[in-house]
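Step one of this worksheet: look at the structure below.
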Amino acid sequence: MGVAAVSEGASRRASLAVGDFRVSEVVFPPNRRLPWHTHPSGCVAVVVDGAVDKRFCRFESNATPSSMITMPPEEPHEDRFGSDGASIVVVESDDVSGEASCSSNTDAVLVATRIRRELALPDAFTPLAVEGLALELTAIAGRSRAPAPADRWAEQAHSLLRERFREALTPGEIAREIGVHPAHLARVFRTRYGESLGEHIRRLRIQWAAEQMIIAKVPLAILAVEAGFCDQSHFTRAFRRHYGVTPARFRAVHR
């Protein structure tokens with residue numbers, strides 16, 4: 001897996017270093033694919049035009065106009081750009097931390113559009129303006145990731161599953177640790193995260209296994225058990241439903 005600049009594979013880039021940031025607009029051609037790679041700095045990226053399928057080790061997302069993507073330094077990911085390519089505004093900073101995320105954010109795209117305008121028509125005040133906009137965009141990213149007080153217990157359940165998804169946890173055990181009724185946990189978790197507890201755990205196990213297949217040489221039978229599946233055949237069926245290929249094929253493509 002290589003380390004790449006945010007402009008790797010781009011057909012055009014406008015960039016400016018201001019304060020603690022490097023701010024860029026990068027334009028990618030149609031159907032460009034960037035295999036698994038990392039960036040040395042953290043970044044907040046906003047898709048202004050076009051689309052890109054982002055694949056991380058633990059989730060996938062189709063980023064369309066108004067999507068805001070945050071990535072900490074050295075976060076492994078793969079990019080597949082759509083038939084119209086994509087124009088993306090990127091703010092690179094070592095202060096971006098936490099887990100990778102992708103979500104729609106109207107405020108972010110408004111700021112990104114102003115950044116793009118400044119980079120396209122620079123003048124003596126552009127560095128000052130762009131630095132202020134970069135600060136504004138990173139603040140939007142930070143606020144978007146802070147849970148509302150009423151939802152903190154749901155975030156606790158989500159964090160617990162991320163830490164212990166390979167264990168044989170039941171909804172009742174999770175609910176007892178969080179301090180809520182199991183039925184309430186199941187209903188609110190699905191509403192907030194768009195999947196049931198069981199679906200979420202299965203996806204985390206599959207994505208963890210996919211990450212291990214890229215970075216380690218553990219036999220698939222052992223990896224299936226370590227991921228929390230009862231056997232390799234169960235693991236293979238679940239993996240194929242999620243990624244569309246068998247684990248063996250996935251490993252061959254990504255190694």
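Excluded from the calculations below are hydrogen atoms, water molecules and symmetry mates; all remaining heavy atoms, backbone and side chain alike, are included. Owing to the predicted nature of the structure, the values given are computational and were not obtained by experimental measurement.
When all heavy atoms are compared, the tightest approach of I178 to A157 is CD1-N, 3.6 Å. Here the shortest heavy-atom pairing between A100 and F59 reads O-CE2, 3.4 Å. What you find for I69 and A63 is that their closest heavy atoms are CD1-CB, 3.8 Å. Of all non-hydrogen atoms in H234 and C230, the two that sit nearest each other are ND1-SG, 3.4 Å. Taking all atoms of both residues into account, the shortest heavy-atom contact from A186 to L197 is CA-CD1, 4.5 Å. Summarising the geometry of A108 relative to N105, their closest heavy-atom pair is N-OD1, 2.9 Å, with the distance given to 0.1 Å.
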Could you walk me through whether R192 and H158 satisfy the side chain to side chain contact (heavy atoms under 4.5 Å, CB included) test, starting with their C-alpha distance in whole Å, then the side-chain angles of each, then the deciding distance to 0.1 Å, before giving a yes or no? CA-CA 10 Å; R192 176 159 185 182; H158 190 258; over 6 Å; no
Could you walk me through whether L169 and L161 satisfy the side chain to side chain contact (heavy atoms under 4.5 Å, CB included) test, starting with their C-alpha distance in whole Å, then the side-chain angles of each, then the deciding distance to 0.1 Å, before giving a yes or no? CA-CA 9 Å; L169 293 171; L161 291 179; 4.3 Å; yes
Do R114 and E136 pass the side chain to side chain contact (heavy atoms under 4.5 Å, CB included) test, and can you show the C-alpha distance, the side-chain angles, and the key distance before you say yes or no? CA-CA 11 Å; R114 292 167 62 192; E136 188 173 350; 4.0 Å; yes
Kindly indicate, with the supporting measurements, whether the criterion salt bridge (charged side-chain N to carboxylate O under 4.0 Å, His left out) is fulfilled by D49 and R116. CA-CA 11 Å; D49 293 309; R116 180 165 71 167; 2.8 Å; yes
Starting from the C-alpha separation in whole Å, work towards a yes-or-no answer on salt bridge (charged side-chain N to carboxylate O under 4.0 Å, His left out) for R164 and E177. CA-CA 12 Å; R164 299 172 57 187; E177 292 210 26; 2.7 Å; yes
Before giving the answer on side chain to side chain contact (heavy atoms under 4.5 Å, CB included), spell out for M68 and C102 the whole-Å C-alpha distance, their side-chain angles and the decisive distance to 0.1 Å. CA-CA 6 Å; M68 179 178 66; C102 182; over 6 Å; no
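No donor-acceptor pair closer than 3.5 Å links the side chain of E163 to the backbone N or O of L160. T170 places a side-chain N or O within 3.5 Å of a backbone atom of E173 that can act as its donor or acceptor partner. Judged by distance alone, with hydrogens and angles left aside, the side-chain atoms of E199 form a donor-acceptor pair with the main-chain N or O of S196 at under 3.5 Å. Checked by atom type and distance alone, the side chain of R12 never pairs as donor or acceptor with a backbone atom of V26 at under 3.5 Å. Under the 3.5 Å distance criterion, the side-chain polar atoms of R32 are left unmatched by any main-chain donor or acceptor of G85. Of the possible donor and acceptor atoms, one in the side chain of R205 sits under 3.5 Å from a partner among the backbone N and O of G228. Using modelled atom types, one side-chain atom of H37 and one backbone atom of P35 make a donor-acceptor pair closer than 3.5 Å.
R55 has its side chain within reach of W36: a pair of non-hydrogen atoms, C-beta onward, lies under 4.5 Å apart. For the pair P72/E99, no side-chain contact is recorded, criterion being any heavy-atom separation below 4.5 Å from C-beta on. For the pair R203/W208, no side-chain contact is recorded, criterion being any heavy-atom separation below 4.5 Å from C-beta on. No side-chain heavy atom of F28 sits under 4.5 Å from any side-chain heavy atom of V52. Between F21 and L16, the closest side-chain pair of non-hydrogen atoms is not below 4.5 Å. Residues T236 and L220 form no side-chain contact, since every pair of their non-hydrogen atoms from C-beta on lies 4.5 Å or further apart. For the pair Q212/V218, no side-chain contact is recorded, criterion being any heavy-atom separation below 4.5 Å from C-beta on. Counting only heavy atoms from C-beta outward, the side chains of I115 and V23 approach each other to under 4.5 Å.
In this model, a donor atom of one side chain and an acceptor atom of the other lie less than 3.5 Å apart for S104 and S66. No hydrogens or angles considered: a donor-acceptor pair under 3.5 Å links the side chains of E118 and T126. In this model, a donor atom of one side chain and an acceptor atom of the other lie less than 3.5 Å apart for E25 and S87.
Atoms CZ and CG, from R80 and N31 in turn, are 11.0 Å apart once rounded to the nearest 0.5 Å. In this structure, the separation between CZ on F165 and CD on E167 is 10.0 Å, given to the nearest 0.5 Å. In this structure, S93 OG and L135 CG are separated by 9.0 Å, a value rounded to the nearest 0.5 Å. Here the CG atom belonging to D53 is positioned 8.5 Å from the OG atom belonging to S61, to the nearest 0.5 angstrom. With rounding to the nearest 0.5 angstrom, the CD atom of E78 is 10.5 Å from the SG atom of C57. In this structure, R240 CZ and F235 CZ are separated by 12.0 Å, a value rounded to the nearest 0.5 Å.
Pairs passing the side-chain hydrogen bond (donor to acceptor under 3.5 Å, both in side chains) check and including a residue from residues 219-232, sequence neighbours excluded, read D231-S233.
Remark: V6 engages R13, H39, V90, E92 in a side chain to side chain contact (heavy atoms under 4.5 Å, CB included) (not counting sequence neighbours). By the side chain to side chain donor-acceptor pair (under 3.5 Å) test, D84 is found to be paired with no residue, residues two or more places apart in sequence or in another chain being considered.
L128 and V91 fall into different hydrophobic clusters, defined by Ile, Leu, Val, Met, Phe, Trp and Tyr side-chain heavy atoms under 4.5 Å apart, directly or through other members. Placement of I222 and V225 in two distinct hydrophobic clusters is found when ILVMFWY residues are connected by side-chain heavy-atom separations under 4.5 Å, directly or transitively. No continuous path of ILVMFWY side-chain contacts below 4.5 Å connects I206 to V253, so the two sit in separate hydrophobic clusters. V27 and V130 are not part of a single hydrophobic cluster, where members link through side-chain heavy atoms under 4.5 Å apart.
Classification of K54 and D79 as a salt-bridged pair holds, one side-chain N sitting under 4.0 Å from a carboxylate O.
Under the 30°/60° scheme for interplanar angles, the aromatic rings of H200 and F189 are found to stand perpendicular. The aromatic rings of Y243 and F250 sit tilted relative to each other, their planes meeting at an angle between 30° and 60°.
Heavy atoms from other residues, nucleotides or ligands lying under 6.0 Å from CG of D20 number 12 at most.
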